[in-house]
Amino acid sequence: MTAESDAPAIVVLGSINMDLVTTTARRPVPGETVLGTSFATVPGGKGANQAIAARRAGAAVRFLGAVGADLFAAELRRTLTDSAVSVDGLRTVAGPSGIATIVLDSDGENSIIVVGGANAGMTELTEDDLAAIAAADILVCQLEIPIDTVAAAAHHARAHATTVLLNPSPVRRLPADLWADVDVAVVNSGEAEQLRDDLEQVPHVVVTRGAAGADYRGPGDTRLSCPSPQVDVVDTTGAGDAFTGALAAAWHRGPEWALTWACAAGALATTTLGASSSLPTREEITAALVAE
Ligand code: RIB
């Protein structure tokens with residue numbers, strides 16, 4: 001797989017998890033036991049998913065993250081290399097890899113509990129990491145690794161004119177100086193509500209709305225909206241990551257094109273089970289847009 005000739009160089013700093021996916025007709029309420037219908041282990045993690053999504057959407061991608069010293073680590077690493085994501089910045093740290101326990105119901109809706117494991121060990125950026133961030137077109141981050149590392153990377157990116165795209169998920173309050181370094185924020189509608197004041201200072205804000213598509217607010221109060229292609233939903237896990245990775249890969253073509261491209265990628269990612277396994281290629285995204 002080769003990157004497009006005008007493909008951006010993207011560094012994704014973030015988490016990598018093994019997803020433990022249980023399907024069930026209906027998710028249990030507190031105190032209830034229900035019977036499940038299947039179980040699968042699928043590589044995931046918001047960082048790794050977004051890295052693979054951006055790579056499949058046509059960008060050249062380097063992933064910075066950490067796996068543990070356990071049986072999951074080799075498969076997690078291989079998932080990135082199989083998609084031609086550079087793992088030069090992937091370290092192995094003591095202890096277990098990150099895992100996510102995911103319960104998926106027959107409507108394709110999920111509940112997720114993440115135990116960070118090795119992701120918590122992403123506390124330092126090496127000279128190589130910093131050089132890669134400085135040379136990249138875009139730095140993409142989320143919040144499943146220590147915030148101080150995200151803040152340091154964003155600050156370094158800003159100092160070297162690398163665009164900083166933050167997907168602040170799982171949502172939490174962030175230091176003001178981190179927000180000051182963010183060029184593009186990608187949030188879902190719940191996160192947009194919780195972070196409303198912070199997002200006011202971000203130049204480009206993209207709000208994903210699931211099957212309803214996505215909205216964009218840019219400089220000069222430019223507003224755009226994009227509908228989502230209608231698809232048969234199997235699993236929404238990783239749809240936001242598919243959207244974010246594709247948006248980053250297409251950002252150099254302008255917000256309108258990037259939003260359209262990302263909406264198609266997000267929708268396609270819901271049509272099969274699993275996070276990293278459902279991320280669409282450039283050709284699949286193109287075909288979906290042509291069919292619209
Ligand atoms: O966004 C989906 C991802 O969130 C899953 O792959 C899971 O690992 C959690 O990080």
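Since this is a predicted model, take the numbers as computed values, not measurements. In each ligand, atom 1 is the first atom listed, and ligand 1 is the first ligand listed. Numbers here simply count residues along the sequence, with the first being 1. Reckoned from all heavy atoms, side chains included, excluding hydrogens, waters and symmetry mates.
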Kindly indicate, with the supporting measurements, whether the criterion side-chain contact (heavy atoms from CB on, under 4.5 Å) is fulfilled by Val103 and Thr24. CA-CA 7 Å; Val103 179; Thr24 176; 3.7 Å; yes
Qualifying salt bridge (Lys or Arg N to Asp or Glu O under 4.0 Å) pairs with a residue from residues 221-249, counting only residues at least two apart or across chains: Asp221-Arg223
Distance-minimising heavy-atom pair for Val93 and Ala118: CG2-CB, 3.4 Å
Any residue meeting ring-ring contact (aromatic ring centres under 6.0 Å, His included) with His160, in chain and number order, not counting sequence neighbours: His156
Output block, N or O contacts of ligand 1, threshold 3.5 Å exclusive:
unit_1: ligand 1; atom_1: 1 (O); unit_2: Lys46; atom_2: NZ; d: 2.9
unit_1: ligand 1; atom_1: 1 (O); unit_2: Asp241; atom_2: OD2; d: 2.7
unit_1: ligand 1; atom_1: 4 (O); unit_2: Lys46; atom_2: NZ; d: 3.2
unit_1: ligand 1; atom_1: 6 (O); unit_2: Asp19; atom_2: OD1; d: 3.4
unit_1: ligand 1; atom_1: 6 (O); unit_2: Asp19; atom_2: OD2; d: 2.6
unit_1: ligand 1; atom_1: 6 (O); unit_2: Gly45; atom_2: N; d: 3.0
unit_1: ligand 1; atom_1: 6 (O); unit_2: Asn49; atom_2: ND2; d: 3.1
unit_1: ligand 1; atom_1: 8 (O); unit_2: Asn17; atom_2: ND2; d: 3.0
unit_1: ligand 1; atom_1: 8 (O); unit_2: Asp19; atom_2: OD1; d: 2.6
unit_1: ligand 1; atom_1: 8 (O); unit_2: Gly45; atom_2: N; d: 2.9
unit_1: ligand 1; atom_1: 10 (O); unit_2: Asn17; atom_2: ND2; d: 3.1
unit_1: ligand 1; atom_1: 10 (O); unit_2: Lys46; atom_2: N; d: 3.4
unit_1: ligand 1; atom_1: 10 (O); unit_2: Glu144; atom_2: OE1; d: 2.9
unit_1: ligand 1; atom_1: 10 (O); unit_2: Glu144; atom_2: OE2; d: 2.8

Can you name the salt bridge (Lys or Arg N to Asp or Glu O under 4.0 Å) partners of Glu32, sequence neighbours left out? Arg26
Counting distance only, does the side-chain N/O of Thr281 pair as donor-acceptor with the main-chain N or O of Arg56 below 3.5 Å? no
